[in-house]
There are 2 protein chains.
Amino acid sequence: MKRSRAALKRRPAGEAAEREIDFDELPGYVGYQVRRTQAKIFGEFEAMLGDFEFTPGSFGVLMLIRANPGITQVALASAFGVDKSTMSPVIYRLETRGLIRREVLPSDRRCHALFFEPKAEPVFVAAREKFRAVEAGVAARLSKTEQRELARLLAKLQGAQA
Amino acid sequence: MKRSRAALKRRPAGEAAEREIDFDELPGYVGYQVRRTQAKIFGEFEAMLGDFEFTPGSFGVLMLIRANPGITQVALASAFGVDKSTMSPVIYRLETRGLIRREVLPSDRRCHALFFEPKAEPVFVAAREKFRAVEAGVAARLSKTEQRELARLLAKLQGAQA
DNA sequence: TATTGTTATACTCTATAACTATA
DNA sequence: TATAGTTATAGAGTATAACAATA
């Protein structure tokens, strides 16, 4: 970001444009605003988690398995709004890392019930602290009232059908 | 979504869990709320654009090239907050489709100035109508006041440094 | 027939690193 | 040395389709 006055004078064309870019209609699009905000927040998670053992996605999956013992993969995929084929490899990685275990349901042997492994609790708690810290840094930019208002508006955007 | 009463009675385990899933801390995370909202909105764009010739990303790039004649790839990448290597293939596709053209800058032959092709105007206008329609459907879930408030809160979230 | 879960495949988006050409 | 742009590569995340096992 630091730049000498000389450098400023002979700045390349790209930078000149960078300072006076016309974004046309984009900033007026709710979809664009939400997308940019999401990218910004995820970038911060990546930066602060570094070579951490979880992505926001895989940590969320682990958290839901922990909170919902015996949940099936289809139910989990549905909860996150993704396809079951998207969930499969995520589950597989958590299982091979020993963080969860799978049990075939006797009542319906097509289903795999998922369980959080008790011995994974320290790893989970440590990860949760990291996620809470990043999240707190993001949320701190808004007052409590604003946080509630944002949650309400985002819920409203999600609520309606396409 | 339609389901007979009989089906409801003998619903599989996955569905039972689906109705009473405990999301633990996730709904309280701003990052999670924004992510879910973004996924929902993008899903609607995909569904309504169908086999359309643009993704939200590529259309945004075209819109900015049109609004900023002569902009370079690095400036464009910077405007969207992505790496120049991410922008390269997007630019290449727009060029091969004849929607834009590139000119090497005589003043700095490393730079490629990008220009919207006038003959692409009908395609652009048609695409913009589609995007405006989807966007209008999304924005319609909020009042004008709420739209402004959301924009303000999202900007505030993006504003601070990590 | 329908559902659960896996796998093969594909596409988008993203980045890093190494490279060429220029400055 | 530094920057613009390309390319090779990699990884996450997403989906569809076909499949085996089970219902």
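Everything numeric here is computed off the predicted structure, so don't read it as measured data. So that the names make sense, note that chain A is the first sequence line, chain B the second, and so on, each numbered from 1. Just the heavy atoms: all of them, side chains too, but no hydrogens, waters or symmetry mates, feed the values below.
Rounded to an integer number of Å, the gap from CG of B:L76 to P of C:dT14 is 12 Å. Straight-line distance from the CG atom of B:L105 to the C1' atom of C:dA21: 14 Å, rounded to whole Å. A straight line from CG of B:D83 to C1' of D:dA4 spans 12 Å, rounded to a whole angstrom. D:dA12 atom C1' lies 9 Å from atom CD of A:E46, rounded to whole Å. Regarding B:Y92, its OH atom lies at a distance of 11 Å from the P atom of D:dT6, rounded to whole Å. Put simply, CZ on A:F45 is 18 Å from P on D:dA12, counting in whole angstrom units. The CD atom of B:Q38 sits 19 Å away from the P atom of D:dA12 (whole-angstrom rounding). In this structure, CD of A:E103 is placed 19 Å from P of C:dT4, rounded to the nearest angstrom.
Within the 4.0 angstrom heavy-atom criterion, only backbone atoms of the sugar-phosphate kind lie near A:R102; the bases stay farther away.
Contact annotation: A:Q73 side-chain N/O to C:dT3 OP1/OP2 distance is not under 4.0 Å. For the OP1/OP2 pair of C:dG5 and a distance below 4.0 Å, the side-chain nitrogens and oxygens of A:S85 include no atom meeting the criterion.
Contact detail for B:L114 and B:T72: the closest heavy-atom pair is CD1-C, 4.3 Å. Considering all non-hydrogen atoms of both residues, B:E20 and A:N68 come closest at O-OD1, 4.1 Å.
Here the nucleotide nearest the side chain of B:C111, chosen from C:dT22, D:dG5, C:dT4, is D:dG5. Distance from the side chain of B:R110 is smallest for C:dA21 among the nucleotides C:dA21, D:dT14, C:dT16. Residue A:D108 has its side chain nearest to D:dT22 when only D:dT22, D:dA8, C:dT22 are considered. Checked against C:dT7, D:dT6, C:dA23, the side chain of B:H112 finds its nearest nucleotide in D:dT6. In this structure, of C:dA23, D:dG5, D:dA23, it is D:dG5 that holds the atom nearest to the side chain of B:T72.
Between B:E129 and B:R132, at least one side-chain nitrogen of the basic residue sits less than 4.0 Å from a carboxylate oxygen of the acidic one, meeting the salt-bridge criterion.
Sequence order on DNA chain C of the closest nucleotides to B:K84 and B:P89 puts B:P89 first from the 5' end. Take the nearest nucleotide of DNA chain D for A:V82 and for A:P106: the residue whose nucleotide is more 5' is A:V82. Taking the nucleotide of DNA chain C with the nearest heavy atom to each of A:R35 and A:S88, the more 5' of the two is matched to A:S88.
Side chains of A:Y29 and A:E25: a donor on one and an acceptor on the other come within 3.5 Å.
Between B:F23 and B:Y32, the ring-plane angle classifies as tilted under the 30° and 60° cut-offs.
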